[in-house]
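The structure appears below as structure tokens.
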Protein chains: 2
Amino acid sequence: MNNKQTATVRSKSDEATAANRREQILEAAVIVFAEHGYYRATTAQVAEKVGISQPYIFKLFRNKEELFVAALERAFERIIRTFKAIVAPADQLLAETIRSYEQLMETHPNEILLQVQALGIRDQPILQTMQNGMLAVTDLVKSKFVDAGIRNPEVEVSTFMANGMLCNIAMALGMPDLKPKHA
Amino acid sequence: MNNKQTATVRSKSDEATAANRREQILEAAVIVFAEHGYYRATTAQVAEKVGISQPYIFKLFRNKEELFVAALERAFERIIRTFKAIVAPADQLLAETIRSYEQLMETHPNEILLQVQALGIRDQPILQTMQNGMLAVTDLVKSKFVDAGIRNPEVEVSTFMANGMLCNIAMALGMPDLKPKHA
DNA sequence: CAAGAGAGTGATTGATCAATAACCTATTCC
DNA sequence: GGAATAGGTTATTGATCAATCACTCTCTTG
């Protein structure tokens, strides 16, 4: 058995397929863009992190902008997935949502920083991705709050988003004291 | 009288002194940096707005980074000045502070956008300026709340900052619906 | 085994920009 | 009148980078 390989055992996820390379590039892109921002990050830095040549990135992504958009979408997808997975009684839903987000910030800080980086970008496709992402998150949380029968869902969602943003900014600026204080 | 001038009457503020030029450049820099971000904005764009040559900027500012820092400091100074000027009874202080900030966002949107642009920048002097600015604003508002005898000043300030940030982001992303909803 | 597809690279290019160098022009004032 | 001084300009340079081009290498398969 397993006679296709001689020395190394190669699992599906480290086979050098275009699809796997795309994933690796995206993962590296999140880190590099989060660290340096869209305009200062270079495709060469992303390539180096993956261990491929810089031009190869352009075989899998049309251009730098598309790479950034794909990375940003990946970040929003994780947030959406995380919030969708929350199950909690009405009186604990808000606390549980906050806890989930705090955990996400610990496990995937670069995806959060990527969004902070994207806040200032005026490039239309990137701006559109940000708007779609923010709207999707807001709507999802709101529907969860509504379904749970929480009073004033609009206000609660807004407050949640505001505190989340302050949290993001506190992290981006390295100012832990700026983090939201709860009563 | 006024025999120093023949045709045009030149007031002190449009005399071509280095100090006046510095001010004009700073004003243009706020706009250009707010619109395009630190890395994408060019010194040539700033120069064009002022109506001077690009190299002349470097006679008045050591480099691009120093220009950005000066523009950012100017933005924070206005916020501080605005908040310092507020006088209101305890039961109206929060509402009045919010109103002041909303007005500032209307009169000087570019100074707010500049700060959003600065959120992602990792350059040490710029980051330091952001940290100092955010801390100064937070401390000032807190001392106002404390002096007015507001309960839970820490929490109130934090909530105010969070909503302010959400407001900034709503503007930056062109998403008016994202603006904070108050109960 | 030839032909093609898939994965990947090295070399280069064309733009873009911050920053410098060298120079210009008017005014002041000894 | 000549020498600072202040306020500017033109031309240039040296880096940096996204993106393209022209290849190579290695399977697979009819």
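Labels below follow one simple rule: chain letters A, B, ... track the order of the sequence lines, proteins then strands, and each chain is numbered from 1. Every value quoted in this text rests on a predicted model; they were computed, and no experiment measured them.
Using modelled atom types and a 3.5 Å distance limit, the side chains of A:Gln115 and A:Glu111 yield no donor-acceptor pair.
At whole-Å resolution of the value, CD1 in B:Ile25 and P in D:dG7 are 12 Å apart. Nucleotide D:dC17 holds its P atom 14 Å from the OH atom of A:Tyr38, rounded to whole Å. Between the P atom of D:dA22 and the CZ atom of A:Phe58 lies a distance of 18 Å, rounded to the nearest Å. When rounded to the nearest whole Å, the span between CZ of A:Phe61 and C1' of D:dT20 equals 18 Å. Rounded to whole Å, the distance from CD1 on B:Ile57 to P on C:dT20 is 14 Å. Going from atom CD of A:Gln54 over to atom C1' of D:dT16 covers 12 Å, rounded to whole Å. Between the CZ atom of A:Phe68 and the P atom of D:dA18 there is a distance of 13 Å, rounded to whole Å. In this structure, A:Asn63 places its CG atom 8 Å from P of D:dT20, rounding to the nearest Å.
Listed pair B:Arg21 / D:dG7 fails the phosphate criterion, with no side-chain N or O lying under 4.0 Å from OP1 or OP2.
With C:dA19, D:dA19, D:dT9 as the choices, the nucleotide that has an atom nearest any side-chain atom of B:Ser53 turns out to be D:dT9. The B:Lys64 side chain lies nearest to C:dA18 when the options are C:dT20, C:dA18, C:dG8. Distances were taken from every side-chain heavy atom of B:Tyr56 (C-beta onward) to each of C:dA19, D:dG7, D:dA18; the shortest belongs to D:dG7. Closest to the side chain of B:Pro55, from the set D:dT9, D:dA11, D:dA18, is D:dA11. Residue B:Thr43 places its side chain closer to C:dA18 than to any other of C:dA18, D:dT20, D:dG8.
The side-chain hydrogen bond (donor to acceptor under 3.5 Å, both in side chains) analysis of residues 156-183 of chain B, with sequence neighbours excluded, yields the pairs B:Tyr101-B:Asn168.
Among the candidates A:Val30, A:Ile126, A:Thr129, A:Asp123, the single residue satisfying the side-chain contact (heavy atoms from CB on, under 4.5 Å) test with A:Phe68 is A:Ile126.
Remark: side-chain polar atoms of A:Gln117 are paired, donor with acceptor, to backbone N or O of B:Gly120 under 3.5 angstrom.
Under 3.5 Å, the side chain of B:Lys59 and the base of D:dG7 form no donor-acceptor pair of N or O atoms.
Among the heavy atoms of the strands lying under 4.0 Å from A:Thr42 are primed sugar atoms or P, OP1, OP2 only; no base atom is included. Backbone-only contact: A:Ala41 has heavy atoms under 4.0 Å from sugar-phosphate atoms and none from a base.
B:Lys49 has its side chain out of reach of B:Gln45: every pair of non-hydrogen atoms, C-beta onward, lies at least 4.5 Å apart.
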